[in-house]
Undergrad: 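One structure is given below, represented as C-alpha cells, and several questions about it will come after.
Here the structure is a predicted model, which means the values were calculated and not measured. Starting from 1, each residue takes its place in the sequence as its number. Ligands are counted one by one from 1 in listed order, and the atoms in each one are counted from 1 as well.
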Amino acid sequence: MERPGTLSAFERGERPLGPTRAELLRWDRELVWHAFTQMAEYEPFVIERAEGCELFDLDGQAYLDGVSSLWCNVHGHRHPRIDAAIIEQLGKVAHVTSLGMSNPTTIRLAQRLVELSPAGLEHVFFSDNGATAVEVALKMAFQYWRQCATPRPEKTKYLAFDSAYHGDTLGSVSVGGVARFHEVFRPLLFEVVRGPLPDSYRLPAGVAPVEAAQHYLGIVERLVREHQDELAAIVIEPLVQGAAGMVMHPPGFLRGVRELATRYNVLLIADEVAVGMGRTGRMFACEHEAVAPDLLCLAKGLTGGYLPLAATLATRRVWDAFLGDYASSRTFFHGHTYGGNPLGAAAALATLDLFTEERTLEGLPAKSARLAEHLARIAQWPQVGDVRQCGLIAGIELVRDRSGKIGYDWSERRGLRACHSAIRQGVWLRPLGNVVVIMPPLSISLEQLDRICRAAERGIQEATIA
Ligand SMILES: *Cc1c(COP(=O)(O)O)cnc(C)c1O
C-alpha cells in the first residue's frame, strides 16, 4: 500500500507494470514472426480482448470478426458456457498425456464425436491442430495397407486434388496443391497422384454446369483406375476447398468420389478441418451427400475456436488392422505431447452442448439466406466475377475481366485492399488472394451480418475503382 508522501513507481522513474502500448507494437513488429505474413511490411494489429463476435484492439476500437478468427470461432468469443467449462476443467487438471493414459473429459469427447459423426467412424485419435489431424490420417492409411487382413504394402500413394490445402507440415503440404504456398518446398515433398480442381466457376470449355460433377469424376475415375494398386487413400476437402479460394465442388462430386474409393479399394480421408462443426449448415459437410469417409479430420471449430485440439476419426476396419500383441509392432507409433488435452476437450464438449442448447444449426438457414441476399447484390459490381456460398462460408472473387473470368494479378492485392477498407469500417476480414472471404461465427446476428457484408461491399468498390 502506498502512503501519502511516498512516490509511486512511475514517479520514481521505474517502469510501470507491463509494457507500454508503443513497446507492444514495436515488439510485435520486431520480435514476433507471424504466420503467412511478410514481416518486412507487417503493420501491428493487436487484439486485446473480445466479446461475442466483436474483437477489441489496444485502443478499445471494435471490429466484427468477419472470418471467425481464421475460420475457427463457432459460438462467439468469451461465451460464458465455454469459459466456465474450461475453468471447471482447470480446477481438476490442465493436462494428462494420451500416451497410455487418459482422463474423463477426453473420453467423453471421444464418445460424443463417435455418436455425432457419420456412420462407421468408431475410434478417435486426438492431436492438436488441423495439419496433424491430416498427417495422422495419412500415416494411418499408409500403415493400414501393410497390416490389414490381406496386406497390400504397395499401396503407398495418395490421390489429392489440385489447389488442395491440408495444413503446413510436410505430409500435409505434399498432398496440398496451392502453388503459391507449396512450390518452394517441392524438393522435400512426396509424390502424389494429382486430381483436378473440381471448380464450379471456371469449368472447362464445353462443360455445362449440370455436367460438371460427371466431368470431374470421369477424370478422377481414370486416375484411380490407373493407380488403384498403389493408392492408399484419396484425400478431399468435402464440398469446399477453403484455402484454394473457397472453391465449391459441383453437387454430387463428393458422393462420386466416395463411390470410386469403395469400388477401387482405396481409403477416403475427409479433411473437415474447415468445413466441419456446422459451418456448411450441417454438423459435418459429408452429411450433405450422405457420405461416410474411412478417416475424418477435425480441428479449427472443434473447440469453438478456443484451444488447439484436433481429432482423426477412424472406422473399425482401420482400427482392427492396428491390433495385435506388442511384439508384432502393429502399434500406431505416432503422438503429440498435447494430443487430447483436457482443457481443449472441455471446450469442445461445451461447444457441442451449445449446438443443442442454442439450436445453432436450426438458426443457420435464416443467416445463410441473409448472406445470399447480400451476395446477390454484391455480384452486380463489375469487377466481381463470382460469388459462391455454402452455409456460412462465402467467397467473392474479384476479377480484372468478368466475361473472360480473368483474375487480377495477385501482386495487385485487390482482395487485401478490399479487406483493409473493411477493417477501417470496423469489420475484420482476411482475403485469399483476389477472393474476399466472409465466414463469421455461427452465432453472428443478422444485424452484424448486414454490417459485415456492407463493409465488404464498400471495400470491394474502393479496391476495384482503378
Ligand atoms: C486450416 C486447415 C488445415 C490446417 O489446420 P491447422 O490447425 O492450421 O494446422 C487443414 N485442412 C484444412 C481444410 C484447413 O482449412
Undergrad: Indicate the ring-plane relationship of His249 and Phe161, choosing parallel, tilted or perpendicular according to the 30° and 60° boundaries.
TA: tilted

Undergrad: With distance as the sole test, does Thr106 use its side chain to make a donor-acceptor pair with the main-chain N or O of Gly340 at under 3.5 Å?
TA: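 Side chain of Thr106 to backbone of Gly340, a donor-acceptor pair under 3.5 Å: yes, one is there.
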
Undergrad: Mind checking whether Phe355 and His75 have parallel, tilted or perpendicular rings, split at 30° and 60°?
TA: perpendicular

Undergrad: May I ask you to say whether Arg414 pairs ionically with Asp409, meaning some side-chain N is under 4.0 Å from a carboxylate O?
TA: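 Salt bridge: no.
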
Undergrad: Can you list every protein residue that has a heavy atom under 4.0 Å from any atom of ligand 1, sorted by chain and residue number?
TA: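 Under the 4.0 Å cut-off, ligand 1 touches Trp71, Asn129, Gly130, Ala131, Tyr165, His166, Gly167, Glu237, Asp271, Val273, Ala274, Lys300.
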
Undergrad: Parallel, tilted or perpendicular: which fits the ring planes of His334 and Phe332, with parallel below 30° and perpendicular above 60°?
TA: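 The rings of His334 and Phe332 lie parallel, inter-plane angle below 30°.
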
Undergrad: Please determine whether a side-chain nitrogen of the Lys or Arg among Arg112 and Asp353 lies less than 4.0 Å from a carboxylate oxygen of the Asp or Glu.
TA: yes

